[in-house]
Structures are given as C-alpha cells and as structure tokens.
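In what follows, a structure is listed as structure tokens, so that the remarks can point back to it.
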Amino acid sequence: MEYNFSEFEKKWQKYWLDNKVFASEADTSKPKFYCLDMFPYPSGAGLHVGHPEGYTATDIVCRYKRAKGFNVLHPMGWDAFGLPAEQYAIQTGTHPAITTQKNCDTFRRQIQSLGLSYDWDREINTTDPAYFKWTQWIFIRLYNTWFDAELQKGRPISELPIPANIKQQGSEAVTRYIESKRLAYYDNAQVWWCNHCKTVCANEEVLNDGSHEKCGTKEVERRFLKQWMLRIPLYAERLLQGLDGLDWPAGVKDMQRNWIGKSTGAEVDFEIDGLNKKLKVYTTRPDTLFGATYMVIAPEHELVNVITTEAQKVDVENYIKAAALKSDLDRTELSKEKTGVFTGRYAINPLTGKQIPIWIADYVLTGYGTGAIMAVPAHDTRDFEFAKTFNLPVVCILDPKEADDTLREKVLAGDACWTEDGAYINSANPVLGLNINGMSKQDGISTVIGWLGDRGIGKATVNFKIRDWLFSRQRYWGEPFPIIHWEDGEISVVEDENLPVELPKTDKYQPGDSGESPLANATEWLQVVDKIGRKGRRETNTMPQWAGSCWYYLRYIDPKNDKEPFSKVKENYWMPVDLYVGGAEHAVLHLLYSRFWHKVLFDLGIVSTDEPYQKLYNQGMILAFAYETAAGSKVTSDLVEEKDGKYFHTQTGEELKQIVAKMSKSLKNVVNPDDVVSSYGADSLRLYEMFMGPLDATKPWTETGVKGVYNFLKRVYYFFADTNNIVDGEEDKETLKALHQTIKKVGDDVEDMKFNTAISQMMIFTNHCYKMKKVTRETAETFAKVIAPFAPHLAEELWAIYGNEPSVSLLPWPSVNEKFLVEDVFAYPVSFNGKTRFNLELPVDMPVAEVEKAALAHESSARWMEGKQVVKVVIVPKKIVNIVLK
RNA sequence: GCCCGGGUGGCGGAAUUGGUAGACGCGCUGGACUCAAAAUCCAGUUUCAGCAAUGAAGUGCGGGUUCGAUUCCCGCCCCGGGUACCA
C-alpha cells in the first residue's frame, strides 16, 4: 500500500481535464466567485517555484468556494508579448511566435502537473491576433474618448464641445483642439531611451539607480521622439477616490496614492519687474508668501529667454546647456550641491511689494506644477540650501515655538530652516489690509488664497505627480497600433471591421538606433492607400507589454467571442474580480494602468463596474538559502556541506555563513517545480508552499520542509487508505470533536487565506486518528472532503478507495456540528500575581464565586498564599484565574 | 529623509476585542520493529540550575499602563520593501 503519488496524480489530472470538471458557465441561479491569478510571462526558463505559490493559494480558495456552492471562474493565460522572445529572434532568426508557443506549452504542461483547477477552455494569449484584436479595439476607444472634468467622466469624442473661438480659427484649429483632448495622443515627447534594449521606456520603468527595469543596464538616456501617450492624469482623482472602497493591502493603496501624488495649494501670479509678463508659480503654502525672498524657474521653463537679461545671457545659456546634458538621475543623485544661475531680473512679491530675484535652477522640475516656484528659504529645506549657497536673503515668518531656544534663535535670525508649524510673524501688510499674524495655519492659507483671489492674482489649485503614460515601444513583438499616418498629416484609426492589424512577416527584428521600430522595414505592410488614392503609412511603434494585461481579466469572461471583446451579459454576471492574487511588484504599474483602462471602459458603458479588482492579495517571495564567506563573497550551493548545523566550503574547508537570497542561477540554488513534483508529488509541492508560512511573507525554501509535508501526506495515505482502519458504527466522541474542530478551523482559515494554520489543523487531526487507531467511514469521507482543496489528488484517490464515484471536488463542504464542539469542563490556569502555577479543571458553567472558592481552596494554592494576603481574585470565565497577593 | 511591513526556540513559524508564549512542522535525542539498514511507529526537545519534584529567566532594546503585555502607549535599535529636490 505505497503512497504512489506519481501514478494517481496523473490519473486524476487526466480525469479532471477529460471531464472538464472545472469548466464554468455564467449561471445567475448561483452566486459567482471570480478568482484571478496574475498571468505569467512564459519565459524560456519555465515555471519557477514562486509561480505555484499564488496559484496554489487561489486554487485552494476556488476549490473551497465551489464546495461552498459558488459558481467559480478560475482561468489562466499568457502575457506573452515582450522582449526575451524578440531578443532570441534577433540572435537565432526564430520567429517570436514560435518561441512563445513553445514556452506557453511548457508552462501549461507544468501548471497542469500541479493539479490546479483552471477552466482550460478559457486560456488566453495576449499575442493571439484574436486577443489583441480587442486590445487594439480598446485603444481605439481610448483614442476616441475625452475627459469631461466637470462630470469627472470620460465621454465619446463626438460629444466634445468646441469653443467658439477655436471654431473661428478654422478646421485645423478644431482638429488640434480635439487632439489635445483625446485620452490617447501622438506627440513629440522627451522620453527615456534604453540603448541596450533600443527602445523607449516609461518613466516608471527607469529605476532610481538609473537602470532599466527590464534589462538591468544603465544605458538609459533622454531623447525627444514622436510617441503615443495616454492622458492618465485626467483620471487621477477618480483613481485616488476609487481606492477607498477596495479590499487591498494598505501598503499597495499607499503606494498608488503616493504615485498619484495629489497635493492642494495655490497658483500665484508674480509681476516681473520691467516686463509685461506674469510668472505663475504653484505652492502648497501660500500662507508663507510673506517669506518668499526669491524665485526659481526650471531650466526648461518657457519664459527663460524672455526673463534673462542681456548681461546674464551667457551664464544662463551655459547653465541650461549643462542641465540638459544631465539626466534626471544626475540632477537628483548629486543633490548635495544645489546649482543655479541668476537671470538678472526681479519679480515683485505681491504681499511685501519687494523686488525678489528670479533664478534658474534644476532643483525645480519642469513637469510639475508650473515649473516655477516662489522660494521660502526659512521654511523649506531645498530653498534654504539654495539660499545659503547663493547668499540669498532668508526671512523667518514662522516662529518655531516648539524648538529649543538655541534653534529658535537661529531660525528667527534666518540661520536655520524650520519646516514644522509655527506662529506667524512678519506676516502683515497694513497698506494692503492683510494680516495673518496670530492665525492658525489653516486660516492663514485660506486668508491668503482669498486675498489673492479677490485681486485676480491667485487661486486654490490641485496638483498631481502622475504624468502622461508613454504608451509606445520601438519593438517588433508587441501589439501594432491600429493607426495610419496620412501624407497630409492626418492621423486616423483603423476601422473596427478591419481589426486586427496583425504584425507583418519579417526576418529583421533588430530595432534601429534612431528610434525606428523594426516594423518600419516591412515595406508592404507599411504602405496603405485609401479609397481616394491618398497615401498613408502605418504606425510602426508597438504597444508596451502593459497593454495586454490591462484588460485580460475581461477577456477570460468570454474568451472565444469574435463579435465583441466579451458579452455584456456575462460581464455583468462575473465582474468584478472577487480575488486577485499576485506579486507586490505590480503594486503600482499594472494595477494602476489596468484600473485606468477599466474606468474609461466603465465611463463608455462597456463594463458595469467602476473598479476591476475588489480584493487584492500579494503573495510573498520565495527565497532560498545561499552561502557566503566571512569576506562576503558568495559560494554556489554545490560547494557547501553541512556539519552539525554549520556550513563549510567543500574545497577550502572555510566555514560559511548561511544567508537568505533570491534564487539565482549564479548561486545554483534555483528549485525547479518539476523536480519537486517528480520526487514528492504535486500535492507535496502544493502543501509545502502553503505550509511554509503566511502567504504574504517572504520565506526561504528548504528541502527538509518539503519532506515534512510529504511525510504528512504519507501518514494520511497510510492511515486513511488502509480500510482496516476504517470501520462501521458509532464514532468516538473525541474524534467527532477533533473532526468538527478541523472542519471549522480549515474553513475559517481558507476564508482568511491562512493556509499554513489550516494545514497544521489537519496534521493535528491526523495525529489524533493515529492515536485512535481507527475511525468510521463517515469520518474518513468527511476528512477527504476537508483535505481536498489542499491535496486534491490524494483526496480523489481516498474517495475512490472508499468505493465512491468521482469527483470529491464537486461535493459540498461538510457542515460543522457545533454540538460536538461544546466543552463541559475547562482547565483554568491558576496564576498568582500573573504567574501561572497550576491548572484546575472545573465545569464551564460554574459561577465565578465558586470558581474563586475552588481555586483558593485547592491544595496547590496553599504554598503560594503562605504568609501573604489575598488582595483580589480576577476570574475571566473560560480564560483564567489570577490571585493577587501582597 | 519620508511612507509601509517585520523582529518570538537550533530553523520555518503558532498565539493579539490584553488572559496558560512556543501550536504544527523541520532538525536533534532516545526507544520499538529489523540479523542490519531504509521505511514506519512511539516518546522527549525554549534557556539556565537541579537526579528529580521544582525554581528562575524569557517574544529586538529601554521605560510606562494593567491583577495580567508577544498583544496597548512613549522613546530607541536592527532588517526587508517602496519612494525620493513633486514646491
């Protein structure tokens, strides 16, 4: 009676697949549960043990939810556009579609070997023209939508009101106006360019150490190129508000809020001395305007040339040239030293009437606010540093009452910067009738804004950090844009009925250095002529990898529909996604982009929910042990041997330190799921990944840990598959209690995604059964149902051994009978001054007064109370007895 | 710097409306079975002292609240992640 997992696991996987056991259809008579995994990029390396972690968790939830009567949608697919397949094509000439197909096949085989209950009829692939046809279709919807700020809603471009003054200027101006409102637009943009990948990348893909997220090299630089951009900032407020109603990890919500970066403040116009121009700044602290002693504009500010005086021209030009050569990275990383140059001109502080110098400095960013600031050096660290560097005046207007005397004096004298709250000083101008001295910060801000507003030189404003989303790449292996550029300059979208625009056949995948996509070489595909003979050129950029993953959860709902992206009726039934599980690395980008698209589709009436993902859960990373020498150099795992809990180098004998690190080829500590499945079985792999610790924790992989759960599964099999242990008749009372505790604990824990403790409860139950030596058939069958979501192959096998028809996976979850859980006695821990001394078993319904009597009268109490006085006795029924002595 | 997490035995980790710290598993120790080994089963296993009964200490560090703190409050230290001149 061997635990012959390899035999029966294959058998049941085949059974599930052949009988489409987990296929689901929209069925309004049942409650639905849409459970989604972040679909993988099918890399050539195959599945990693990190993948099955999230997949197993969702699989357990899905199997449990089915047993609880839900109609479960649980699909899987491939996010298969992307660079590696294309790099491989450049090196070998193999078409990316072929590589992709092969990788998908590997991934599918590996995933199926884990017994995951996906509905494989819904498998999708972002590179399939039948799929990306609809990605293009959605892009066209974005292109044809504008955002009505008043209604806070996207609307069809045909409904865009054209202002009279624009109309007067003629059709070209109208077109330009419309272009300026579309959610997708084509424009010259200063973009990050990766010399290694030969493509642009989004701001978000450039990490703050200056490396490109995709390839890891630091070969990124700034370039101006014609690019497709999406106006995601228009949805900033909606994206922010929407977070409130979502059941997401607080950290992810914080990161998104941070990324959106809402700030409230005011715009203020400053008169420029000697020019009939105003300089507009954005500030979050208009109440500190009295302390503004100079101004700074970004080197790219549009008024730089106008403002700069003849005398300063050379200096300014040199500075701007130098600033342009610096990447954003240099600008920020070398932030210790502030740089800048005087323009030679002054602005007028509207509250003090004083002339304040206008400087140019690259610590002011062109893309945020108005690209110009009023500097309040006394109360802003950056302004203070700059003022000290260039000897500019510092006027304190907030008396730091909380600071210690030395610091306070320095702040008041302008020798230190104070960024906390304080009491206004020097903040009145009787001539103007403005005085905020003595006011609270809140009143100060609103008073100044009110004053500025009355005079038409300022108003309250909201600003966001989030920028337009760079949405094109100069690569081959991505969705082509359904766009044609005509020779007369017009841009038009491909008609819906002509979608998809497929990728041209080519054998040149190498992108050009100039920012030309490989598609530009596909002459035949490239050239188009319309009905009236006008010549056009197809868009040669392709979409970024985010595109396909922005809406895949919608396609799963109706994956074979060739008339529309999905049926509205089905969408209405299945959406939103009830549980979405994936890695935290997608906390901002994928999840924000996807929410943005979804909101546009919602505004257009294409989807029925405002948000796509109701509950989000991030599984933690699975790491591995690695070894390093005292000097800190890494040693590959094959050169390490263990002796008495210590680790040594097999060749040098040097003692090594065990550390936890990411699995990597270079450390030779990568675990391949295929190996685990063949040595211990899929159920062991599933169970171990769930037993390692909380799902959201990062935790190291250990082989002995796998053996531990493998051992448990063997124990389950040996006991429950041995019909000698399975008897008829009445079940033992303790066993019934243990069983029902287990049903309850496992059910509750699955609902809470606490799989590790659910497994531990099943181990406790199994240990109990070993002690009892036998259980009834009913108990055994019930336990098979309980373990089924975790170890489905084993559960099916046991179910069959008991002579039942498959499948145990389709049976209802056993109900908890509370009557078996009732305790009639409780072992009170009796403590003296908080230290537990002994246990006292008493009936649970014993009145408090009698519990006290019993505790004090107990023989063991005497030695603790000897020579002391009982001050009081604390009794919490069914919890504790604490006797306080003096 | 700022924003999130997190620090519990030799190891992974349990336990928080404040109520027996260390569930469960690994490892280790001992025993049973065996000619022997593997496999399996049984028992023990926070540390220190003790033959033992038992006692003392103990959840990153220092204070505090409480009959009682891993859990709450104040002040620190360390680790992981995110973010960074956003005015």
Side-chain angles (χ1 to χ4, degrees), chain A residues 2 207-208 249-255 257-259 261-263 265 281-285 288 296 328 331-336 338 361-365 367-376 379-383 385-386 463-467 584-585 587-588 618 620-621 623 625 642 644-646 658 660 687-688 691-694 696-709 711-712 714-715 718 754 756-764 766-767 770-771 827-839 871-876 878-885:
Chain A
E2 274 299 291
L207 305 179
N208 56 8
V252 176
K253 286 192 188 185
D254 280 346
M255 280 164 70
R257 287 194 187 104
N258 216 308
W259 195 267
K262 181 179 180 173
S263 85
V281 303
Y282 172 73
T283 175
T284 53
R285 294 297 302 271
T288 61
V296 185
D328 270 15
R331 285 198 190 181
T332 52
E333 222 173 25
L334 303 172
S335 63
K336 292 165 238 159
K338 290 257 184 303
D362 62 9
Y363 82 90
V364 171
L365 307 174
Y368 184 78
T370 62
I373 62 154
M374 62 178 212
V376 185
H379 307 292
D380 181 289
T381 343
R382 298 154 299 177
D383 296 346
E385 283 169 18
F386 191 81
N463 247 307
F464 294 95
K465 277 203 270 189
I466 189 169
R467 311 291 167 83
E585 65 274 19
V588 178
N618 295 126
M621 232 188 310
L623 305 177
F625 287 117
E642 199 219 309
D644 301 328
K646 288 179 179 172
Q658 191 183 52
V660 170
L687 222 63
Y688 174 60
F691 189 62
M692 290 172 85
D696 57 359
T698 33
K699 48 223 166 221
W701 180 276
T702 61
E703 176 91 9
T704 52
V706 188
K707 281 184 189 154
V709 289
N711 196 41
F712 163 65
K714 270 200 296 195
R715 275 167 70 81
Y718 287 159
K754 287 158 66 178
N756 53 335
T757 49
I759 293 166
S760 127
Q761 180 61 39
M762 291 188 279
M763 289 172 168
I764 291 170
T766 305
N767 291 344
Y770 266 83
K771 286 205 176 73
Y828 278 94
V830 179
S831 49
F832 295 85
N833 287 339
K835 286 193 196 285
T836 306
R837 297 304 178 181
F838 61 91
N839 279 349
V871 177
K872 81 177 179 185
V873 180
V874 181
I875 292 163
V876 183
K878 285 171 76 179
K879 291 265 188 202
I880 200 171
V881 174
N882 188 19
I883 298 166
V884 186
L885 304 167

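Note on naming: letters A, B, ... go to the chains in the order of the sequence lines (proteins, then strands), and numbering restarts at 1 for each one.
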Just call it for A/N711: base, sugar-phosphate, or nothing, with non-hydrogen atoms closer than 4.0 Å on any strand. sugar-phosphate
Residue list, side-chain contact (heavy atoms from CB on, under 4.5 Å) with A/R837, at least two apart or on another chain: A/F832, A/K835, A/W864
Base, sugar-phosphate alone, or nothing: which one does A/S831 contact when heavy atoms must sit under 4.0 Å apart? nothing
Rounding to 0.5 Å, atoms CD1 (A/I875) and CD1 (A/I883) come to a distance of 8.0 Å
Strictly below 4.0 Å: does A/R715 bring a side-chain N or O up to OP1 or OP2 of B/C41? yes
Could you go through nucleotides 3-9 of chain B and list every protein N or O atom that sits under 3.5 Å from one of its N or O atoms, giving the distance for each pair?
none

Would you mind classifying the nucleic acid contact of A/D696 as base, sugar-phosphate or nothing, using non-hydrogen atoms under 4.0 angstrom? nothing
Is it the case that the side chain of A/Y282 and the backbone of A/A372 share a donor-acceptor pair, with hydrogens and angles ignored and the cut-off at 3.5 Å? no
Mind checking what makes side-chain contact (heavy atoms from CB on, under 4.5 Å) contact with A/D696, not counting sequence neighbours? A/Y617, A/P694
Which protein N or O atoms sit under 3.5 Å from an N or O of nucleotides 11-14 of chain B?
from: B/G12; atom 1: O2'; to: A/M692; atom 2: O; distance (Å): 2.6
from: B/A14; atom 1: OP1; to: A/N756; atom 2: ND2; distance (Å): 3.0

Non-neighbouring partners of A/I880 that pass side-chain contact (heavy atoms from CB on, under 4.5 Å), sequence neighbours left out: A/P829, A/S831, A/V876
What nucleic acid atoms does A/A375 come within less than 4.0 Å of, heavy atoms only: base, sugar-phosphate, or nothing? nothing
Considering only the P atoms, how many Å lie between B/C26 and B/U40, rounded to the nearest integer? 10 Å
Please determine whether any donor N or O and acceptor N or O are separated by less than 3.5 Å between the side chain of A/K707 and the base of B/C26. no
Protein-nucleotides 58-60 of chain B N/O pairs closer than 3.5 Å?
none

Set of residues satisfying side-chain contact (heavy atoms from CB on, under 4.5 Å) with respect to A/M762, sequence neighbours excluded: A/F712, A/T742, A/V746, A/I759, A/F783, A/V786, A/I787, A/F790
Which atoms of nucleotides 67-73 of chain B (N or O only) lie under 3.5 Å from a protein N or O atom, and what are those distances?
from: B/C67; atom 1: O2'; to: A/N882; atom 2: ND2; distance (Å): 3.1
from: B/C67; atom 1: O2; to: A/N882; atom 2: ND2; distance (Å): 2.5

With heavy atoms under 4.0 Å as the rule, sort A/R837 into base, sugar-phosphate or nothing. sugar-phosphate
Return the set of residues passing ring-ring contact (aromatic ring centres under 6.0 Å, His included) with A/Y718 (not counting sequence neighbours), or none when no residue passes. none
By ring-ring contact (aromatic ring centres under 6.0 Å, His included) - contacts of A/F691 (at least two apart): none
Across the strands shown, which category fits A/K879 at heavy-atom distances under 4.0 angstrom: base, sugar-phosphate, nothing? sugar-phosphate
Suppose we screen for ring-ring contact (aromatic ring centres under 6.0 Å, His included). Which residues come up paired with A/F464, at least two apart in sequence or across chains? none
Would you mind calling B/G9 syn or anti? Take O4'-C1'-N9-C4 for purines or O4'-C1'-N1-C2 for pyrimidines, and syn is within 90° of 0. syn
With sugar-phosphate meaning primed atoms plus P, OP1 and OP2, does A/G261 contact a base, only sugar-phosphate, or nothing at under 4.0 Å between heavy atoms? nothing
Please map the stems of RNA chain B, keeping only stretches of three or more Watson-Crick or G-U wobble pairs with both distances under 3.5 angstrom. B:1-7 with B:77-83, B:10-12 with B:24-26, B:27-32 with B:40-45, B:46-49 with B:54-57, B:60-64 with B:72-76
